[in-house]
Amino acid sequence: MTTIVETTRIAERPDALWHEIGRFGAVGEWHPLLDKVESEGEREGCRRTAEAKDGSRQTERLFETDAEQHFYRYGIESTTMPVRDYVAEFKVQDNHDGTSTVVWSAEFQPEADEPKATEAIRDFLRTGLNNLAAVHGK
């Protein structure tokens, strides 16, 4: 299994930040590589379908969510990426100084060229976090 962990510090309190970015379907509102995201809701077991700007699509299922802990975990059900057994976590941590750290991690098994698949996922996570930092301030 390959594991990637990306983080960014945000100059916003975790409750306020989570309110804006923590919904399962909210990723479509702040991730610049996504064109459209449709979500069934915020309950465990719900699906979301994401369409990227390049036209690729993937379907994900929400495994676990805890709004009080500012956390959710999800897995990919179908994707064009050469990976399997993909499980990711998205959380907002309290830095106890009025700021937050957003942590987005993914664990998966590459099916093809491991460095290429790993870099594509790392780039996706990093691009999303960079945009959050640009919008919400570091």
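Below, all heavy atoms of this structure are taken into account, side chains as well, without hydrogens, waters or symmetry copies.
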Is any side-chain heavy atom of [Y] closer than 4.5 Å to one of [X]?
X: Phe90; Y: Val103; answer: no
X: Thr79; Y: Tyr86; answer: no
X: Ser105; Y: Ile4; answer: no
X: Thr2; Y: Pro110; answer: yes
X: Asp85; Y: Met1; answer: yes
X: Arg48; Y: Glu40; answer: no
X: Ile10; Y: Leu132; answer: yes
X: His136; Y: Ile21; answer: yes

Salt-bridge contact [X]-[Y] (side-chain N to carboxylate O under 4.0 Å):
X: Arg73; Y: Glu64; value: yes
X: Glu6; Y: Arg122; value: yes
X: Glu38; Y: Arg47; value: no

Are [X] and [Y] connected, step by step, through hydrophobic side chains (Ile, Leu, Val, Met, Phe, Trp, Tyr) whose heavy atoms are closer than 4.5 Å?
X: Ile121; Y: Leu33; answer: yes
X: Trp18; Y: Val37; answer: yes
X: Met81; Y: Phe108; answer: yes

Exercise: identify the closest heavy-atom pair between [X] and [Y]:
X: Thr7; Y: Leu129; value: N-CD1, 3.7 Å
X: Leu62; Y: Glu42; value: CD2-O, 3.5 Å
X: Ala50; Y: Leu34; value: CB-CD2, 4.1 Å

Going by the rule salt bridge (Lys or Arg N to Asp or Glu O under 4.0 Å), which residues pair with Asp54 if we only count those two or more places apart in sequence or in a different chain?
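Result, salt bridge (Lys or Arg N to Asp or Glu O under 4.0 Å) vs Asp54: none returned.
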Indicate whether any N or O donor in one side chain lies under 3.5 Å from an N or O acceptor in the other, for Asn95 and Thr99.
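Yes - a donor-acceptor pair under 3.5 Å links their side chains.
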About how many Å separate CD of Gln58 and CD of Glu51, when rounded to the nearest 0.5 Å?
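Here the rounded value is 11.5 Å.
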Rounded at 0.5 Å granularity, tell me how far OG in Ser39 sits from CD in Glu60.
9.5 Å
Can you tell me if Lys53 has over 12 outside heavy atoms packed within less than 6.0 Å of its NZ?
yes
Using the ring centroid of each side chain, check whether Tyr72 and Phe24 are separated by less than 6.0 Å.
yes
Is there a side chain to side chain donor-acceptor pair (under 3.5 Å) between Asp94 and His70 once you walk through the steps?
CA-CA 9 Å; Asp94 189 345; His70 310 124; over 6 Å; no
List for me each residue that meets ring-ring contact (aromatic ring centres under 6.0 Å, His included) alongside Phe124, sequence neighbours excluded, and say none if there are none.
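With neighbours one apart ignored, the set is His31, Trp104.
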Evaluate the criterion side chain to side chain contact (heavy atoms under 4.5 Å, CB included) for residue pair Thr8 and Thr101; output intermediate values, then yes/no.
CA-CA 6 Å; Thr8 193; Thr101 296; over 6 Å; no
Any donor and acceptor pair, going by atom type alone, linking the side chain of Ser100 with main-chain N or O of Glu12 inside 3.5 Å?
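Answer holds: yes.
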With distance as the sole test, does Asp35 use its side chain to make a donor-acceptor pair with the main-chain N or O of Ala52 at under 3.5 Å?
no
